[in-house]
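Shown next, in structure tokens, is the structure this report addresses.
These numbers come from a predicted model, not from an experiment. By convention in this document, chain letters (A, B, ...) are assigned in the order of the sequence lines, proteins followed by strands, and residues within each chain are numbered from 1. When reading the values below, keep in mind they use all heavy atoms of this one structure, side chains included, and skip hydrogens, waters and symmetry mates.
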Number of protein chains: 2
Amino acid sequence: MRGRKIKNMEEFATVSGISRPTVSKYFNDPESVRATTRARIEAALDKYDYRPNVFAMNQNRRLTKIVGIVVPYLADPFFGEIARNVEQSCIAEGLSPILFSSHGDPAYEAAILDSLRGLKPAGVLLAPLGRSSDRSVVERFCDEVPTVLFDSYIDDIGEDFVGSNNDQSIGMIVEYLCRTGEPPCLFEMETPSNPNSNKRRAAYVKAMESHGHAVNVVKAPGLGWDFEEIGCREGGRAIAEGRFATNTILCSNDRLAIGLLAAAYQRGLRVGRGSGHALRIAGHDDHPFARYTCPPLTTVSQDYTAISKKSVAALLERIEGGEEAGERRSILVEGKLVMRDSA
Amino acid sequence: MRGRKIKNMEEFATVSGISRPTVSKYFNDPESVRATTRARIEAALDKYDYRPNVFAMNQNRRLTKIVGIVVPYLADPFFGEIARNVEQSCIAEGLSPILFSSHGDPAYEAAILDSLRGLKPAGVLLAPLGRSSDRSVVERFCDEVPTVLFDSYIDDIGEDFVGSNNDQSIGMIVEYLCRTGEPPCLFEMETPSNPNSNKRRAAYVKAMESHGHAVNVVKAPGLGWDFEEIGCREGGRAIAEGRFATNTILCSNDRLAIGLLAAAYQRGLRVGRGSGHALRIAGHDDHPFARYTCPPLTTVSQDYTAISKKSVAALLERIEGGEEAGERRSILVEGKLVMRDSA
DNA sequence: ACAAAAACTTTACGCGCGGAAACTTTTTGT
DNA sequence: ACAAAAAGTTTCCGCGCGTAAAGTTTTTGT
């Protein structure tokens, strides 16, 4: 772009030798113009410094190329990773992703969805807060905008859901733990913000019963998204009070497990498998930090890339499919057992 | 908003009984209209469902209320926290923050800045990648848009900088470590992406010399943002090769320390102060996970809230100050010693 | 080579709002 | 109460682009 600044599309059309409506078509979809035309436009684009005005572009379009990505809590590296993957998938599809975090606050989530409507997004990828979400707000939003839920589920809302197959993943790790030592207790939040917790508890109960073991669920009171804090404080208390029936604890997610590991360490309990260890602790999610805990955390990995790719793919289908809503699909991604040293 | 949908400002002006230009003024700044007028508009706002069209609003405004927040790596909870704080400060000021992550990639950072120009933002809060940033791109951007750099510094770029006072914070923790045991070695990346590293090394050297101790810097090769991985692998190797001259290691940041703690654990080295411990490890930043490492990490806290608040305040001054650039300011926030068990 | 199809050009309009100018009404200070 | 200041009204234009319609040129298939 050595040439002078171009102030609008009219001017750019002139210097590129193409009519403005065709240039406009090009910017909406480069594939929609003839190859020779495209080449001439791109030559001009290379020579002059011009970009269509974002606001003017989107003003009259019924639908923009904007895609909202909403996650419940960005300070959780899990969502940071997911967001990154989703963002890049969108860009690869020629969409313009915009990232939002609800910061754990339902009111904030509602505000995001509200302002998102003003952006006339082509679609939205929403990982809702879950249990604490304002159901009616989310529902109304999904009625207006093509939305794919991911990670976290809200019954009967959204057009598709992409998440992990908790039945499969919990079944797998419970089987592993039963096979290699004492059957696991489940450690979870008393009032989990994340609906996956409920599915995981159900999966745990089912798996334990199928193996003929007694169920032992320990619930940690506490609200909010400070899972490590809750896991450490309440997990430590549960250990002290002897509320874990066996020496093996399966945590509902890795962040709780990280807190619990800290609690065990503080009490001088050696965590790991084999003799000389007092406790086995396992998690779920393969949190980015799980491999650096002491000891490294045995867990079930969620395939971030697969979840991201499938979410974006599902959204694209919905967008292109238009109004003919079709069936609501539930796309589940299988987890893999990640054996480290903690269990 | 029980009433029918309002399709544009003209219509809303009619139902609220106020002229459109005045309504327009209201939406630009509610304080700019008389209290009685404001009340009437807000009554109508309450009664009808209307929001100004975002795209039309920003099309003709010389400057929007948009503020870009750019961080280098969102999967790092440190930036997640900062982003949250900054975002909320902006909203409190009536601005519309939009969040971006460079995902550790200079090309991506450049692309963000490029597309940000199209949004005509009132200002930008930029935590640059640092050393790997494309200097000329960042420089050009800062010339066009009021920009406050935070966390990470690039010489002579941007209008203000807000970050931690590495001289003070490193000086403090070096003093602490020297006073309570063997003088610390410094563990850092060989080619740090973050320019804070360089400042911290200089501060370390200065502090050690002032205490009359020999300097011992251990550099970990490795690129990218996978600090824990690098800290664990290279830190473990350095331990094995006996490259740490004393039993005390000060890490350039907490993420390296987290990796190093994992390495020490894997080798069966007990970390902590007092007898029975092989190693003392300290970090810097008070990373959200630092309190849940095993043992909990002694570190220097950065005041997230203060950095966020001061960054936003500095940006607002720049925006309101207009073109009269004034002096480039460097606003440094002091760290606090956070004594936990690792050192 | 010829007709049909596809792509492009010309012309024209409108989106929803910002903002300026000239005028009228309300508020403020003494 | 009166003039000055502040706030609101009316009228108008333009921003940069999407998009539709009608006409023209180029490409495609046989």
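Screening residues 13-22 of chain A for salt bridge (Lys or Arg N to Asp or Glu O under 4.0 Å) gives A:Glu10-A:Arg20 as the qualifying pairs, with residues at least two apart or on separate chains. Listed by first and then second residue, the salt bridge (Lys or Arg N to Asp or Glu O under 4.0 Å) pairs involving residues 98-111 of chain B amount to none (not counting sequence neighbours). Residues in residues 67-95 of chain B take part in these salt bridge (Lys or Arg N to Asp or Glu O under 4.0 Å) pairs, two or more places apart or across chains: B:Asp76-B:Arg255, B:Glu81-B:Arg84. Counting only residues at least two apart or on different chains, no side-chain hydrogen bond (donor to acceptor under 3.5 Å, both in side chains) pair has a member in residues 29-39 of chain B.
With sequence neighbours excluded, the residues forming a side chain to side chain contact (heavy atoms under 4.5 Å, CB included) with B:Asn53 are A:Lys120, B:Phe55, B:Ala56, listed by chain and number. With sequence neighbours excluded, the residues that form a salt bridge (Lys or Arg N to Asp or Glu O under 4.0 Å) with A:Glu144 are A:Arg117. Residues satisfying the ring pair (Phe, Tyr, Trp, His ring centres under 6.0 Å) test with A:Phe78, not counting sequence neighbours, are A:Tyr304. Scored by the ring pair (Phe, Tyr, Trp, His ring centres under 6.0 Å) test, A:Tyr73 finds A:Trp225 as partners (sequence neighbours excluded). Partners of A:Tyr108 by ring pair (Phe, Tyr, Trp, His ring centres under 6.0 Å), not counting sequence neighbours, listed by chain and number: A:His103.
Residue A:Ser24 has a polar side-chain atom (N or O) positioned under 4.0 Å from OP1 or OP2 of D:dG18.
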Return the polar atom pairs (N/O with N/O) between nucleotides 23-30 of chain D and the protein under 3.5 Å, or none.
none

Between protein and nucleotides 10-14 of chain D, what N or O pairs are separated by less than 3.5 Å?
{"unit_1": "D:dG14", "atom_1": "N2", "unit_2": "B:Asn60", "atom_2": "ND2", "d": "2.6"}

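Between its two ends, the helix from C:dA1-D:dT30 to C:dT30-D:dA1 turns its axis by 30°, counting five pairs per end and rounding to 10 degrees.
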